[in-house]
Amino acid sequence: MRVADTADLWYKNAVVYCLDVGTYLDSDGDGTGDFHGLCQRIDYLAEIGVTCIWLMPFYPSPNRDNGYDVKDYYGVGEPYGDHGDVVELIRLAHDRGIRVIVDLIINHTSDQHPWFRKARASTDNPYRDYYVWRSDPPPDTSDQTMFPETEDGIWHYDEKTGEYYLHHFFHHQPDLNTANPQVRDEIAKVMGFWLQLGVDGFRVDAVPFAINQATLTGKDAHAFEEPHDYLRSLRAFLQRRSSTSRSAIMLGEVNLPHEEQTTFFGGREGDQLTMQFDFYTNQKLFLALARQEAAPLAEALRSRPEELSPDVQYANFLRNHDELTLDLLPEEERREVFDAFGPEEGMRLYGRGLRRRLPPMLDGDPRRIAMAYSLLFSLPGTPVLLYGEELGMGENLDVEGRGAVRTPMQWSRDKNGGFSTARPSRLPRPMVEGPYGPEHVNAAAARRDEESLLNHITRLAKRYRESPEIGWGATTIIDVPEPSVLAHAVTWEIRSLVLLHNLAPEPVVVPVELPDETEGTVLVDLLREGSLRLDASRRVQVELDGYGYRWLRVKRENDHRLV
């Protein structure tokens, strides 16, 4: 395979950046970010190495769940702009070499969506079957709700029709009946609409809930022959509607162990989700950070399934727009992470996660933060950043729930962090205050500081893009005697990288053996000056500072890349 072939599956070597239009940049002073403001920052995103923007929901919505309660899949929320603004953004991003994907919510709608309003009109309305209903009182389902602090179950009584409707999330978000062919046709039509406007794919929300046949059985007149056939049909539709050159994707939110994620990829066929977030590795990574030991992360990487299509990819992340969920960890391990990174009850959410951003979790230690992002970009797969991560933004724990990590972007030391000229009371959420407030953490200052986290992440993105073996290659965990050090190699064709990360504050010297290489092979450091050479035993001693990291490229005669 040639380097040129990486363009065919662009997402395997992308740098994805998640942002909320409403909290990114307000161009007209009304207090809410908008597409025109985002367009002003496309060059900033290109400058730091972003190659794909993931837009969180911008559809018309009551905004009781950050826009994930959609009431019009085809619309653009009034504060953000209109369809013309969306097209201008997509065109501008494409001109800068950046693709754009948008959120696709197929599990539920807002209770204000016209479909649900019609469904509530009567029990025999044609739209009734767009949702899941039952007439008999449901059993106790308090253990099945996603939000145990605010919802007491997954069925809600509708006084108008005297029946109960299904909702795995908030009660104002009724679940769609995706077993209904008409609903599936509607979702495909929505995908076709946004593809026609030029988007490069979709981040698909809460995928397992959308095909959970167990909750639908006996509740409707339809049935899947096999629930995953729905994902196959969406993937096939996506491929029909997007040209080969665009290669549109579906990036799925599937918070399950690796063996179960295999099914959502489509196994060897790779005919379902194009990409999936690796929640399991993310949770083991934080356990490793808490223990300052590499073993949990190494175990997670080893457990990734091998029998997958080469066309699919894992997406890696440190933090996202939700809580840092830890629900795949056993209770004792979860408690370790809580104790290390969320010692106060107000830092936790739903009994399973942390509503914090990374820098405060790591006590603002610049060495540890830099190491964590080096680790993110070096893990096999595709890195995903949440807006503001590149600056080291913190959370605002005075904001309720998940909103703590969804505060406005901090552009400068100016009023409202340069996000908006409006009165602070008109902002979507209060700005972060204290040591992580915009007077201390902002993009304008970070751009001028060569040692800033922003410039560190920019360098990492550049090296990552120059190293397709990270996204394409096979991974080998290298055994080293230091328990705090994760050492792994990624190899793709003739290209190899050796990557080492020290999760502890004490410096170490790590012996690394590469038995498949030859004596005298040179390892070139990609992040600083210098190189190392294998001895007669095909070993090398690698020095790592406390929270240190090294990216070492195996130099080969027929590798024409600059080092």
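As the structure is a computational prediction, the values presented were derived from the model and not from experiment. Position 1 is the first residue of the sequence; numbering continues from there.
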So does A179 get a backbone contact from the side chain of R184, meaning a donor-acceptor N/O pair under 3.5 Å?
yes

Under 4.0 Å between a Lys/Arg side-chain N and an Asp/Glu carboxylate O for R235 and E269?
no

SB check R319 E389 (cutoff 4.0 Å):
no

I'd like to know if the side chain of R406 reaches the main chain of D20, judged simply by a donor and an acceptor atom lying under 3.5 Å from each other, with no hydrogens or angles considered.
no

Regarding R357 and the six-membered ring of Y387, is the cationic atom NZ or CZ under 6.0 Å from the ring centre and inside 45° of its axis?
yes

Over 60° means perpendicular and under 30° means parallel, so classify the ring planes of F277 and F279, tilted if in between.
perpendicular

Distance only, no hydrogens: is a donor on one side chain within 3.5 Å (strictly under) of an acceptor on the other, for D200 and H94?
yes

Just so I know, are the side chains of T281 and Y314 near enough to count as touching, which here means a heavy-atom distance under 4.5 Å?
no

Pairwise side-chain contact, W10 with S247, heavy-atom cut-off 4.5 Å (strictly under):
yes

For E149, does the CD atom sit with more than 12 other heavy atoms under 6.0 Å from it, leaving out its own atoms?
yes

Using a cut-off of 6.0 Å, state whether more than 12 heavy atoms not belonging to E331 lie near its atom CD.
yes

Is the backbone of C52 close enough, under 3.5 Å, to the side chain of R99 for a donor and an acceptor to pair up by distance?
no

Do H83 side-chain atoms and Y74 backbone N/O form a donor-acceptor pair below 3.5 Å?
yes

L326 and its side chain to side chain contact (heavy atoms under 4.5 Å, CB included) partner, picked from R334, R335, R348:
R334

With distance as the sole test, does N180 use its side chain to make a donor-acceptor pair with the main-chain N or O of D129 at under 3.5 Å?
yes

With the threshold set at 4.0 Å, does a side-chain nitrogen-carboxylate oxygen contact exist between E323 and R402?
yes

Tell me whether E260 at atom CD has more than 12 heavy atoms from other residues, nucleotides or ligands lying less than 6.0 Å away.
yes

Can you see whether R426 engages N416 through a side-chain donor-acceptor pair at a distance of less than 3.5 angstrom?
no

Where the side chain of Q261 meets the backbone of D278, is there a donor-acceptor pair that is under 3.5 Å apart?
no

Evaluate the side-chain proximity of P208 to V254: yes if any heavy-atom separation is below 4.5 Å, no if none is.
yes

Do L89 and I42 have side chains that approach each other closer than 4.5 Å (heavy atoms only, starting at C-beta)?
yes

Do F202 and L234 have side chains that approach each other closer than 4.5 Å (heavy atoms only, starting at C-beta)?
no

Should we say atom CZ of R423 is surrounded by more than 12 heavy atoms from elsewhere, each under 6.0 Å from it?
no

Between E151 (side chain) and M146 (backbone), is there a donor-acceptor pair under 3.5 Å?
no

F169 vs D69 side-chain heavy atoms within contact, under 4.5 Å
no

Are Y350 and F147, when compared by the centres of their aromatic rings, separated by less than 6.0 Å?
yes

With a 3.5 Å distance limit and no angle check, can you tell me whether D85 reaches the backbone of H36 through a side-chain donor-acceptor pair?
no

Looking only at the aromatic ring of each residue, does the gap between the centers of H113 and Y130 stay below 6.0 angstrom?
no

The single option from Y80, W194, Y73 that satisfies ring-ring contact (aromatic ring centres under 6.0 Å, His included) with F58 is W194

If you measure only the distance, is there a donor-acceptor pair under 3.5 Å linking the side chains of R128 and T161?
yes

Suppose we call two aromatic rings close when their centres sit under 6.0 Å apart. Are Y165 and F116 close by that rule?
yes

N/O donor-acceptor pair under 3.5 Å between D339 side chain and P343 backbone
no

E299 and Y280, any side-chain heavy atoms less than 4.5 Å apart
yes

Main chain of A404, side chain of E395: is a donor-acceptor contact present, judged purely on distance under 3.5 Å?
no

